[in-house]
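A, B, ... follow the sequence lines: proteins, then strands. Residue 1 opens every chain.
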Amino acid sequence: MPADPEPLWVEVNAWYLRHGRDLPWRTPTASAWEVLVSEIMLQQTPVARVEPVWREWLERWPTPAHLAAVSPGDVVRAWGRLGYPRRALRLREAAVAITAEHGGEVPRTEAELLTLPGIGVYTAAAVVCFAHGERTVVIDTNVRRVLARAVGGVALPAPSLDRADRERATAQVPADRADAAVWNVAVMELGALVCTARAPRCGDCPIEHRCAWVAAGRPVYEGPAHRGQAWAGTDRQCRGTLLTVLRETPDPVSDADLRRAWTRDEQQRLRCLDSLVADGLVEPLADGRFALPSGS
DNA sequence: CACTCGTGGGA
DNA sequence: TTCCCAAGAGT
């Protein structure tokens with residue numbers, strides 16, 4: 001009778017200890033706040049772009065109370081070009097709630113974290129695990145892809161997180177708390193560095209010898225199409241263009257300046273400006289000009 | 001569940 | 001050059 005196969009985490013954790021990157025939010029001394037800031041910034045944004053901004057933020061605002069005390073406009077400007085600037089507003093709002101309702105300490109449970117703006121299932125689990133060392137299931141796009149291949153035998157996971165992802169991920173988490181904490185970051189790192197979406201480096205993979213996708217001959221993806229992100233001419237591009245104008249000057253901006261920045265569709269420009277105001281990313285002034293939001 | 005919300009670098 | 005997509009969340 002064959003022994004149970006060694007769990008995936010043994011090899012993946014060993015690989016991580018040798019090959020994982022030394023990122024500043026991964027140091028043993030990183031505070032829960034530092035981890036939380038990194039997780040928000042890393043939502044849909046690559047590590048290389050996050051790192052310098054993360055350093056600036058933690059130097060300026062080393063605790064939630066520091067961030068809670070500044071204006072939304074300061075936060076949006078400091079967010080720079082990380083993208084999805086509503087994340088900056090929500091992070092500030094989370095800091096306000098942490099300061100007012102949690103004694104300035106980042107909550108230690110997923111349920112409490114989930115009540116904070118900008119924190120969803122992934123980020124709540126990540127903070128609990130990476131900042132507080134708790135055993136939990138952390139599922140991001142990397143985890144889904146690695147396990148879809150290694151366990152599921154397919155090239156890519158479904159377009160959105162589904163039951164198969166949760167079941168595969170839950171089954172792999174080691175029982176021991178410390179092992180689980182390493183596994184959760186290790187499997188993400190494997191997905192980021194080796195088991196990548198486009199051109200996986202299977203020759204460098206510590207579990208290639210037991211990967212179901214490799215064993216199947218690396219079949220191409222067969223499932224429903226992953227939607228591409230349209231960009232040219234979209235409201236997202238328009239909003240980004242308008243916000244860039246406001247971000248790059250400390251002074252309020254006239255409507256004429258904004259019109260020059262987006263000339264292709266005036267109706268769209270007005271709609272997007274309205275939506276930026278509604279989101280709290282832009283503040284209309286009494287004199288007709290626009291600015292990054294100053295109030296709370 | 002499907003869709004929106006930025007940005008820039010690599011293939 | 002064009003296309004893909006990167007530690008998701010909110011609606």
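To the nearest 0.5 Å, the span separating CZ on A:Arg177 from SG on A:Cys129 amounts to 9.5 Å. A:Trp33 contributes atom CH2, which lies 6.0 Å from atom CD1 of A:Ile98 (distance to the nearest 0.5 angstrom). The CH2 atom of A:Trp9 sits 7.0 Å away from the CG atom of A:Asp176 when rounded to the nearest 0.5 Å. Note: A:Leu116 CG to A:Glu101 CD = 8.0 Å, rounded to the nearest 0.5 Å. A:Asp235 CG to A:Cys272 SG: the interatomic distance, rounded to the nearest 0.5 Å, is 3.5 Å. Atom CG of A:Asp279 is separated from atom CZ of A:Arg239 by 4.5 Å, given to the nearest 0.5 angstrom.
Mapping A:Leu276 and A:Asp162 onto DNA chain B by nearest heavy atom places A:Asp162 closer to the 5' end of the strand.
For A:Arg87 (side chain) and A:Ile40 (main-chain N/O), a donor-acceptor pair under 3.5 Å exists by modelled atom type.
Note on A:Glu189 versus A:Arg26: salt bridge recorded, some NZ/NE/NH1/NH2 to OD/OE distance being below 4.0 Å. Here A:Arg55 does not pair with A:Glu59 in a salt bridge; the nearest charged N to carboxylate O distance is not below 4.0 Å. In this structure, A:Arg60 does not pair ionically with A:Asp74, as no charged nitrogen and carboxylate oxygen lie closer than 4.0 Å.
In this structure, CD1 of A:Ile139 is placed 16 Å from C1' of C:dA9, rounded to the nearest angstrom. Between the CG atom of A:Asp140 and the P atom of C:dA9 there is a distance of 10 Å, given to the nearest Å. Between the CG atom of A:Leu89 and the C1' atom of C:dG10 there is a distance of 14 Å, given to the nearest Å. Here C:dA6 presents its C1' atom at 8 Å from CG of A:Asn142, a figure rounded to the nearest Å. Distance A:Arg87 CZ to C:dG10 C1': 14 Å, rounded to the nearest Å. In this entry the distance linking CG of A:Leu161 with P of C:dG10 reads 15 Å, nearest Å. Here the P atom of nucleotide C:dA9 and the CZ atom of A:Arg236 are 17 Å apart, to the nearest Å.
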Just the atom pairs and distances: protein N or O near nucleotides 3-5 of chain C's N or O, under 3.5 Å.
residue: C:dC4; atom: O2; partner: A:Arg198; partner atom: NH2; Å: 3.1

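A pairwise comparison of heavy atoms in A:Trp57 and A:Ala78 identifies NE1-O, 3.1 Å as the closest pair.
In summary, contact between chain A and DNA chain B, defined as any nucleotide atom under 4.0 Å from a heavy atom of the protein, begins and ends at B:dC3 to B:dA11 in the 5' to 3' direction.
Every residue two or more places apart in sequence or in another chain that forms a side-chain hydrogen bond (donor to acceptor under 3.5 Å, both in side chains) with A:Glu11 is listed here: A:His209, A:Arg210. Remark: A:Thr115 pairs with no residue by the side-chain hydrogen bond (donor to acceptor under 3.5 Å, both in side chains) rule, at least two apart or across chains.
Not one side-chain nitrogen or oxygen of A:Arg90 sits closer than 4.0 Å to the OP1 or OP2 atom of C:dG8.
Within a heavy-atom distance below 4.0 Å of DNA chain B, no residue of residues 106-125 of chain A is found. Of the residues in residues 40-63 of chain A, those lying under 4.0 Å from DNA chain B by heavy-atom distance are A:Gln44, A:Thr45, A:Arg49.
Looking only at atom types and distance, the side chain of A:Trp262 has a donor-acceptor partner in the side chain of A:Gln268 under 3.5 Å away.
For the P atoms, the distance from C:dT11 to B:dG6 is 14 Å, rounded to whole Å. The P atoms of C:dA7 and B:dT4 are separated by 22 Å, rounded to the nearest whole Å. If you take atom C1' in B:dC1 and the same atom in C:dG8, they sit 16 Å apart, rounded to whole Å.
Residue A:Arg26 places a side-chain atom within donor-acceptor reach of the base of C:dA7, judged by atom type and a 3.5 Å distance cut-off alone.
Across all strands shown, A:Thr141 has heavy atoms under 4.0 Å from sugar-phosphate atoms exclusively, and none from any base. Using a 4.0 Å heavy-atom cutoff across all strands shown, A:Trp25 reaches at least one base atom of the nucleic acid. Note on A:Asp279: nothing from the nucleic acid sits closer than 4.0 angstrom, heavy atoms only.
Checked options A:Arg269, A:Arg289, A:Arg260; the residue passing with A:Asp255 is A:Arg269 (criterion: salt bridge (Lys or Arg N to Asp or Glu O under 4.0 Å)).
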